[in-house]
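These notes are about the structure you will find just below.
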Amino acid sequence: YCVGEKLEEREADKHFEVVGAQVKEVLFGLSAEQMKNVVIAYEPVWAIGTGVTATPAQAEEMHAFIRQLIEKKYGTEMAYGSYILYGGSCNANNALELFSQTNIDGGLIGGASLNAKDFINIIEAAETVINGK
């Protein structure tokens, strides 16, 4: 399930409100058993296909917020057992720094997956983080 805000919503400091509403509207109607099968991707609309990406700090902050929402609704085990990915222009140049953030569990890779060498570099970044954690 993809969530994310538009640039004007972020600039108006409404990004948590927008993403929180998206999470609650769709996911909070699920049972805990159903929630176990959900993968969430934070993909800021302003970063999709633009080459602009959220900073690692911005992405981490939103992922932590989403995880806190899940924890309040479903508990700690579900919150930390859920996968929350980052989308929005994740590429070979920024994957390692993004994936190194505490609450980012991987990437939802779009256009960068079309170049095999770049995609391999993203996979290697993920492996580096996994092996280092």
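Hydrophobic cluster membership is shared by V3 and M78, with clusters built from Ile, Leu, Val, Met, Phe, Trp and Tyr side chains linked at under 4.5 angstrom. Y80 and Y1 are not part of a single hydrophobic cluster, where members link through side-chain heavy atoms under 4.5 Å apart. No single ILVMFWY cluster, assembled from side-chain heavy atoms under 4.5 Å apart, contains both L108 and M62. A continuous path of ILVMFWY side-chain contacts below 4.5 Å connects F119 to L98, so both sit in one hydrophobic cluster. By the rule that hydrophobic residues join a cluster once side-chain heavy atoms approach within less than 4.5 Å of another member, I66 and V26 end up as members of one cluster.
Residues M35 and I40 are in side-chain contact: their nearest non-hydrogen atoms beyond the backbone lie under 4.5 Å apart. Contact annotation: the side chain of V129 approaches that of L96 to within less than 4.5 Å [non-hydrogen atoms, C-beta and beyond].
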**Report entry** Residues K73, L30; criterion side-chain contact (heavy atoms from CB on, under 4.5 Å); working and verdict
**Finding:** CA-CA 10 Å; K73 173 69 176 171; L30 300 177; over 6 Å; no

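Considering CZ of R67 and CD of E60, their distance stands at 8.5 Å, rounded to 0.5 Å. Note that OG of S113 and CD1 of I120 are 12.0 Å apart. Values are rounded to the nearest 0.5 Å.
Shown here for C90 and I122, the closest heavy-atom pair between the two residues is O-CD1, 4.3 Å. Minimum interatomic distance between I104 and A59 (heavy atoms only, all atoms of both residues): CD1-CB, 3.7 Å. Across all non-hydrogen atoms, the minimal contact from F28 to Y74 is CA-OH, 3.7 Å. In plain terms, the two heavy atoms of E43 and G87 that are nearest each other are CG-C, 3.8 Å. The two atoms that bring A79 and I70 nearest to each other are CA-CG2, 3.7 Å, heavy atoms only. For P56 against Q101, the heavy-atom pair with the smallest separation is CB-NE2, 3.6 Å.
Residue E8 qualifies as enclosed at atom CD: its count of foreign heavy atoms under 6.0 Å is above 12. The environment of CD in E9 is crowded: more than 12 heavy-atom neighbours from other residues, nucleotides or ligands sit within 6.0 Å.
A donor-acceptor distance shorter than 3.5 angstrom exists from the side chain of Q22 to the backbone of G4, with no hydrogens or angles considered. Side-chain atoms of N94 come within 3.5 Å of backbone atoms of N91 as a donor-acceptor pair (strictly under, hydrogens ignored). A donor-acceptor pair is defined here as one N or O able to donate and one able to accept, closer than 3.5 Å; no such pair exists between the side chain of N103 and the backbone of I84. Formation of a donor-acceptor pair under 3.5 Å by the R10 side chain with backbone atoms of H15 is not found in this model.
With sequence neighbours left out, H63 forms a ring pair (Phe, Tyr, Trp, His ring centres under 6.0 Å) with Y42. With sequence neighbours excluded, the residues that form a ring pair (Phe, Tyr, Trp, His ring centres under 6.0 Å) with F16 are F65. Annotation: side-chain hydrogen bond (donor to acceptor under 3.5 Å, both in side chains) contacts of E77 (sequence neighbours excluded): none. Annotation: side-chain hydrogen bond (donor to acceptor under 3.5 Å, both in side chains) contacts of T53 (sequence neighbours excluded): Y86. E71 pairs by the side-chain hydrogen bond (donor to acceptor under 3.5 Å, both in side chains) definition with T76, not counting sequence neighbours.
Grouped with L85 in one hydrophobic cluster are V39, Y83, the linkage being side-chain heavy-atom contacts under 4.5 Å among Ile, Leu, Val, Met, Phe, Trp and Tyr residues.
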